[in-house]
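Note that the structure is predicted; figures quoted are calculated from it, not measured. Every chain is numbered from 1 and lettered A, B, ... according to where its sequence line falls, protein lines coming before strand lines.
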Amino acid sequence: MRVGIARSLAYYDYYPLWETFFQCLGCQVVTSPATTPEIAKQGIAVAGDDVCYPVKVMHGHVAELANKVDMIFVPRLFSTAVGTCECPKFIGLADLLRHSIPNLPPLLSPYVNMYASKRGLLKAVFVAGRAITFNPGRIYGAFLAGRQALLASKRRLQSGQLPGLSRPQRGDKGTLAVIGHPYNLYDSYSNLRVVERLLQQGYRVLTPQMLPRKTLEAANAQLRKPLFWSAGRVVFGAGAHFATRPDVMGIIHLASFGCGLESLITDMVQRVAVKHGKPYLLLTMDEHTGEAGVETRLEAFLDLITWREATKCG
Amino acid sequence: MRVTFPHLGMVWVGVKHLLEGVGFEVVVPPPITKATIELGAKYSPEFICLPFKVMMGNYLQAIEAGAEAIFMLGGVGPCRLGYYAEVQREILADLGLPTRMIVLERNNFAREIFTALKANGSNVRWHKLLSLIRLSLAKVTYLDNLEALLLRERYREKQPGYCSKLLAQAVQAVDKAQSWSELGQVKTRVSAQLKAELLPPPAQPPLRVGIVGEIYMLIESSVNFFIGERLGELGVSVTRNLYGSNWVREHLLPDWRVKHQMRRIARYCRPYLPQRVGGHGYETVGYVVDYAKKGYDGLVQVLPLTCMPEIIAESILPTISKQYDIPVLALTFDEHAGETGLVTRLEAFVDMLRERRRHGVGRERVALSVGD
């Protein structure tokens, strides 16, 4: 059986787990290619007008997979950590896709709810596995193997290695923090190659996924009321942490237009950055954002940082 | 202590009664106008949804009028409303305003209220508090029922604009009523007045349109440019799915009627959206099916720009619209929304519904289920 996984949204968080899980169950995993202009265009055409850009791109990826696989894996992620929840669009993603794209193969969409306890995950794992085998031992084994793969990839990220980059970063010009949702940071088509550009220019790039969980938790502890979105906790925690770090020269926040979480979190991170006197650049992107405009703003920001560093030393 | 709270339709009447009853001095924010929205938008994050901005405007205008503390609801859930208060508190602090925010969360509801009462020096007996809550709720429930009735019957008012005037008078009168008997007198007077001012029901049943969507945009009609009233003036009988008192009954009081209703809505949702997505996206989908089954001619969905739960509903509605052959108009609002464009769209929508009816399009569904 061929299981399709779209290279978009939660893919960037959980791909190793999903891939290993389905391979261990004897499936062939088909992943959609990295975002291309055609995929994005297709997504924009089929998705509703008001949904945010990443979700439109997700539609494109799923449409791309539609006639290549027997089943597409799109979990309904309600909550991926105890006491938190996900963006409503993650929860209703499978339903959005089902109603917007015609002629889809069946969607495998287990409901993941870890709000009350971690056991919610196991339930979802068995629901997903049952579509392929009835042997619970095999399902559990595949899950354990998947978890190993996920942890290994997390460790790789935490050692400072960006996904898709074999060589270690040069970083001779200094360190910049790039924060935002993983599907913006690691999809270089969607972020208009901002991260690539920084690496080319010789900056070392830090992302939220490189921080250990304890650091993020400590940064979140300064809030009177903890954020209830797990994705929001990562982005805010990373922003608040990087704002206090002396080796980080500036923070670049990649946000999507129409993103509900970012509308609050950009404001909150900006407030922390201003408090600590850390340069902060917010790039809001959607399908209409031009590469030239982003380039100009990025250059101006980098000039500002270079100038700041120079005056500080002198 | 002079306290205030954000507007939500006519809920202020009840909240004011309750807070004054326990000894607070209440500053009701001035009615929402374009100036309120602009003021709020000026100090809010750029891409936040409209209710945040309007509430911000309410706070600033109320603070200008002398408010010292703000009551606001918190909450946890995928909808952003649960985190509004935290960011609003920061914004007010950045503006250098000494206003206190009293945020009522699920886990500290009672504690916050008692701290505030203590700080105010009020001493309220339990039974007094209970009767206050009952009368406040009765006030809001009555106004909600009246509004629902007026939305349904506005198409047959004798002079245009009478119903809206009557509602405004009723709000003032209910606000003044301090006892059950006074409230009863208002009820009798209003229903007598209304009866005299309505034409007899026409032989041909009117067009029926349901309004669904995000709760704040639905209830606060000054933000949605009074679409219910406008549809009524175009000769449409309007039904709305959410009211302030419904929300209280569903979330704060165990009311079996609401529970029963929600079970039905859940059944309707199952084929389209099997799980809740925060906010009222789930209710929107359920009520759209409900109204379609009940033979409504058309539906209007109201949502603020970038509203996360409603966007999911919005993307699912075309499927339901096709299956039940019922037109759905989705209206997105932000602080730049213009009145003229909205009126044109509503007029075109009603014209289309009228033509559909004249040519008998979708008549089977409408005829089959009238009186359901």
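Both the backbone and the side chain of Ser315(B) come within contact range of chain A, judged by heavy atoms closer than 4.5 Å. If you measure heavy-atom distances from Cys49(B) to chain A, you find no contacts under 4.5 Å at all. For Glu105(B), the part lying under 4.5 angstrom from a heavy atom of chain A is the side chain only. If you measure heavy-atom distances from Tyr272(B) to chain A, the contacts under 4.5 Å come from both the backbone and the side chain. With a 4.5 angstrom heavy-atom cutoff, Glu262(A) does not touch chain B via any of its atoms. Proximity to chain A (any heavy atom under 4.5 Å) is shown, for Pro304(B), by neither the backbone nor the side chain. For Leu303(B), the part sitting under 4.5 Å from any heavy atom of chain A is the side chain, from C-beta outward, and nothing else. Of the atoms belonging to Leu227(A), heavy atoms from both backbone and side chain fall under 4.5 Å from chain B. Only the side chain of Thr284(A) comes within contact range of chain B, with at least one heavy atom under 4.5 Å from a heavy atom of that chain.
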Between Val277(B) and Phe90(A), is the side-chain contact (heavy atoms from CB on, under 4.5 Å) condition met? List the steps. CA-CA 9 Å; Val277(B) 289; Phe90(A) 273 54; over 6 Å; no
Show your reasoning for whether side-chain contact (heavy atoms from CB on, under 4.5 Å) applies to Glu46(B) and Ser263(A). CA-CA 7 Å; Glu46(B) 191 180 354; Ser263(A) 64; over 6 Å; no
Evaluation steps, side-chain contact (heavy atoms from CB on, under 4.5 Å), between Arg224(A) and Arg89(B): CA-CA 11 Å; Arg224(A) 285 177 64 126; Arg89(B) 192 203 316 263; 3.1 Å; yes
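Here Cys52(A) contributes atom SG and Phe47(B) contributes atom CZ; the two are 12.5 Å apart, rounded to the nearest 0.5 Å. The CD1 atom of Ile311(B) sits 4.5 Å away from the NZ atom of Lys89(A) when rounded to the nearest 0.5 Å. Note that NE2 of His99(A) and CD1 of Ile312(B) are 12.0 Å apart. Values are rounded to the nearest 0.5 Å. Interatomic distance, CG of Leu264(A) versus CD of Glu90(B), reported as 12.0 Å (0.5 Å rounding).
There is no side-chain donor-acceptor pair under 3.5 Å between Gln275(B) and Asn113(A). Judged by distance alone, the side chains of Thr306(B) and Asp50(A) never bring a donor and an acceptor atom under 3.5 Å apart.
Between Tyr83(B) and Trp229(A), the ring planes lie tilted relative to each other; the angle falls in the 30° to 60° range.
In this structure, Lys42(B) places its NZ atom where only 12 or fewer heavy-atom neighbours from other residues, nucleotides or ligands lie under 6.0 Å away. The number of heavy atoms from other shown groups lying within 6.0 Å of CG (Asn103(A)) does not exceed 12. Within 6.0 Å of CZ on Arg264(B) lie more than 12 heavy atoms contributed by other residues, nucleotides or ligands.
Nearest heavy atoms, Arg80(B) versus Gly260(A): CD-O, 3.1 Å. Here the closest heavy-atom approach between residue Cys87(A) and residue Met308(B) is recorded as SG-SD, 3.9 Å.
Of all the listed residues (Thr84(A), Leu93(A), Asp49(A), Leu96(A)), the one sharing the greatest number of non-hydrogen pairs under 4.5 Å with chain B is Leu96(A). When Arg76(A), Glu86(A), Arg271(A), Gln270(A) are compared by the number of non-hydrogen pairs under 4.5 Å with chain B, Arg271(A) comes out ahead. Of the listed residues (Leu305(B), Ile316(B), Ile91(B)), the greatest number of heavy-atom pairs within a distance under 4.5 Å of chain A belongs to Ile316(B). Contacts with chain A were tallied for Gly75(B), Ala85(B), Ala313(B); Gly75(B) has the most, counting heavy-atom pairs under 4.5 Å.
By the 4.5 Å heavy-atom criterion applied to side chains, Ile91(A) and Pro78(B) are counted as neighbours. The shortest distance between side-chain heavy atoms of Asp95(A) and Pro274(B) falls below 4.5 Å.
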